[in-house]
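As structure tokens, the structure follows; a few thoughts come after it.
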Amino acid sequence: MKISGLYSLSFLRLGIVLFVLALVFFSTHLFILKKVNNSLVQLDSLCSYDGIEYSFDSIIIKNLKLPGMGISSGSTCILLDGSFYHPELEYVVLQSVIYQPDYSSSSSDSGTAISGDLPVIAVVDGFIPNYGTEFFGARRNGFDTGSAEGPWGKVFLNHSSDSIYAVFENCSSVPGIEFTLPDQAVGHSISGVCTGVTKPEPAFSGYITEIDEKSVSADFEYCFKQGSPFVSLFMDFSQISESAQDAIFDLSGGAITNSEPIGTFSLSYTGNDTVFFFTDLEFEELSVWSTDIAPDTFSINIALSCQGYLVIDSDIVVVDSGLIKSNELDLNFSLMYSWGERTLLYATLSNPELKGEAIVNSMPPELLGRLNGLILSGDLSLFAELTLDWDFPDSSDINLEIDASQLRVDYSPIPFGQIRNYTGASCFMRDSWGNSSRIGLDTLTNSDFVFFDSLPFYFEPLLRCAEDATFRRHSGFSEYHIRNSIRANMAQGRFVRGGSTISMQLAKNLFLGREKTLARKLQEVFLTWRLERWLSKDRILEIYANIVELGPGVFGFNAAAMYYFNESVVDISVKEMAFLVSILPGPKLYHGYAQREIFPPHWNSYVERLITICGTRGWLDESVVSRAVADTLIFDGAVSLF
């Protein structure tokens with residue numbers, strides 16, 4: 001009985017102890033729950049959760065939501081340290097985190113409270129829907145480390161207090177930072193490293209290692225100046241030679257095959273609407289291959305320096321001042337180009353003292369062609385002003401101010417004396433059909449040669465009306481022709497009209513081939529200038545009339561008169577002469593009218609318009625005009641036999 005009583009007493013005491021322990025545990029549990037709940041409410045008064053589970057060393061909060069902070073976590077585990085009665089928060093792990101910050105709310109800074117209350121906090125799998133970004137990381141004693149990845153790119157981040165270190169890969173934007181990129185930068189990605197601070201205002205500096213996954217080397221800075229974001233970029237081309245060569249190759253359409261750029265490029269952007277830039281670029285032995293420029297590959301040394309700005313909202317780029325240098329040749333330039341509401345280009349090119357020796361020394365042999373060996377001295381003054389207006393072509397304009405009076409030719413591989421002096425000179429001509437002929441330029445070598453004084457009086461008026469109205473007033477080049485050519489080509493969106501004068505056509509026919517290249521055009525400009533200095537206007541017209549292509553194997557107006565009308569040039573009518581003049585731009589195309597003995601109404605109207613304009617300008621008498629317009633063309637020459 002005593003033993004039984006003792007057992008009963010022991011169980012009673014044990015029950016009391018267990019009850020007290022349970023009460024203590026329950027009280028402690030309530031205390032912990034209350035403490036956790038109070039902490040959460042302090043963080044966010046709108047917080048909510050589905051439940052809290054508590055054990056000796058951890059607290060698990062299910063579906064925690066802190067809407068004021070933009071945070072929700074499917075499972076939040078708080079690891080505890082210390083005694084059972086005095087637990088301390090040691091580590092917090094958030095899983096399945098959704099972060100939707102409200103940048104307009106002042107509560108966005110509440111994250112600082114977390115780092116103060118919780119020594120360590122980690123996010124295992126987080127997601128930011130606003131940016132489609134996955135992230136993970138940890139914060140220990142105010143030091144953050146982690147990474148984030150989304151459609152904007154990827155970044156690895158270390159953050160302590162207000163300082164930051166980041167490695168970024170293929171980033172096309174910066175999530176959470178409202179900063180409008182220029183259209184030209186949209187769609188490109190960069191990789192690199194940066195360091196900086198986040199307070200009082202973000203400020204970063206670093207370097208870029210890749211652009212669009214191509215190696216580069218560029219230093220950059222991002223900060224705030226006077227309340228506006230400021231970005232600057234500095235690039236050394238010698239460190240990105242391979243990438244620069246690839247870009248130059250693509251931009252040139254494959255024309256520039258070998259280039260090793262050296263120099264620098266910098267830009268700055270203040271976040272409003274203007275990007276300022278400066279470049280100092282040099283190419284040594286730049287290799288160029290393009291059949292539009294020269295018939296063969298050539299090398300050239302060239303340098304470019306310029307400064308200007310890009311107005312983003314207005315789609316305008318301006319080069320305030322620039323310099324192009326090739327060996328000893330210097331050319332100053334400026335330009336303005338807009339492509340928004342109105343597509344417009346304005347450019348100037350100038351040098352008040354362009355040395356003759358520098359001009360020749362800057363030209364590769366492939367560009368000089370037959371002029372290789374040319375020696376110039378003295379100098380010339382150049383100012384060129386160009387306006388191209390795609391929306392209003394008639395507003396396009398050109399202004400040329402060239403003074404070559406002090407430029408001297410000490411030696412030319414192409415002589416002009418024999419051509420001027422009627423001493424048996426000749427030229428080799430090739431037509432559009434592939435026929436060729438050597439034609440004497442005077443009666444010593446050409447019995448069919450027609451002197452200028454023997455040409456009909458209406459030859460020159462009709463030729464000038466069709467080809468070069470200002471022939472007697474210009475010195476080989478006509479702004480009027482060039483301006484009209486530019487406007488016509490701009491209006492059609494393609495090349496439909498050239499700007500060559502009669503002198504330029506003759507220089508080409510006498511000395512150059514039929515290829516259409518920049519090299520030939522440069523040679524043509526020099527030879528035209530020489531032609532005008534050596535030959536009289538009458539002699540230019542005389543040679544032109546005797547060699548110009550007018551049909552298959554037909555060179556000169558006298559041969560053409562026989563071919564089309566079975567008459568000598570001195571005997572053909574005004575309308576017949578007008579027809580010959582009208583087919584000068586394309587004999588192979590237009591001679592078919594005569595071959596088929598069909599004269600279309602539209603071409604007859606053009607021929608008659610040439611005659612009428614000559615009358616309007618006072619170049620032909622009204623009686624001559626009336627008879628010519630009423631005349632009928634009959635093609636009874638050799639052309640009718642084919």
Side-chain angles (χ1 to χ4, degrees), residues 237-238 240-263 279-306 322-333 335 347 349-351 354-377 379-380 382 384 386 402 404 407 409-414 428 430 495 498-500 504 507-530:
F237 282 100
S238 63
I240 58 166
S241 178
E242 184 177 348
S243 299
Q245 288 188 61
D246 292 342
I248 292 169
F249 181 85
D250 293 339
L251 289 172
S252 66
I256 299 178
T257 58
N258 183 36
S259 61
E260 294 186 6
I262 58 175
T279 186
D280 188 0
L281 187 60
E282 183 178 349
F283 296 91
E284 293 184 0
E285 297 296 323
L286 183 71
S287 295
V288 181
W289 182 83
S290 171
T291 54
D292 292 330
I293 300 176
D296 199 1
T297 302
F298 65 91
S299 297
I300 187 171
N301 297 330
I302 193 166
L304 168 70
S305 62
C306 66
L323 174 67
I324 301 173
K325 185 177 180 66
S326 176
N327 293 335
E328 303 167 23
L329 179 69
D330 294 344
L331 289 172
N332 301 302
F333 76 95
L335 68 83
L349 193 67
S350 65
N351 188 327
L354 200 55
K355 299 296 183 183
E357 185 179 5
I359 296 174
V360 176
N361 291 342
S362 67
M363 301 280 283
E366 293 79 9
L367 294 184
L368 285 173
R370 288 191 62 192
L371 293 175
N372 268 309
L374 178 68
I375 301 176
L376 300 178
S377 60
D379 56 69
L380 65 80
L382 166 68
L386 175 67
I402 303 174
L407 185 65
V409 179
D410 297 329
Y411 171 75
S412 173
I414 298 179
F428 184 80
R430 185 182 297 275
F495 182 82
S500 295
M504 295 175 72
K508 178 188 68 176
N509 288 332
L510 283 174
F511 308 115
L512 303 173
R514 302 178 64 87
E515 69 276 4
K516 294 183 178 181
T517 64
L518 175 62
R520 195 213 71 185
K521 182 59 68 175
L522 293 174
Q523 297 162 31
E524 181 183 314
V525 168
F526 172 78
L527 292 170
T528 299
W529 172 69
R530 287 279 283 166

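The first residue in the sequence is number 1, and the count goes up from there.
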Got [X] and [Y] here, is their nearest side-chain heavy-atom distance under 4.5 Å?
X    : Y    : result
K325 : I302 : no
I375 : V360 : no
E366 : V288 : no
S500 : E524 : yes
V409 : W529 : yes
L329 : I324 : no
L380 : I359 : yes
S412 : R530 : yes

Rounded distance [0.5 Å steps], [atom1] in [X] versus [atom2] in [Y]:
X    : Y    : atom1 : atom2 : value
F333 : L304 : CZ    : CG    : 5.0 Å
L382 : L331 : CG    : CG    : 6.5 Å
D292 : K521 : CG    : NZ    : 13.5 Å
N332 : S305 : CG    : OG    : 9.0 Å
L376 : L407 : CG    : CG    : 5.0 Å
E328 : E357 : CD    : CD    : 5.5 Å

Between [X] and [Y], which heavy-atom pair has the shortest distance, and what is it?
X    : Y    : answer
F511 : L527 : CB-CD1, 3.7 Å
G373 : Y411 : O-CD2, 3.2 Å
P365 : N372 : O-ND2, 3.1 Å
S299 : P364 : O-CG, 3.5 Å
R370 : Q523 : N-OE1, 4.2 Å

Donor-acceptor pair, side chain of N301 and main chain of E285, under 3.5 angstrom =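 It does hold such a pair.
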
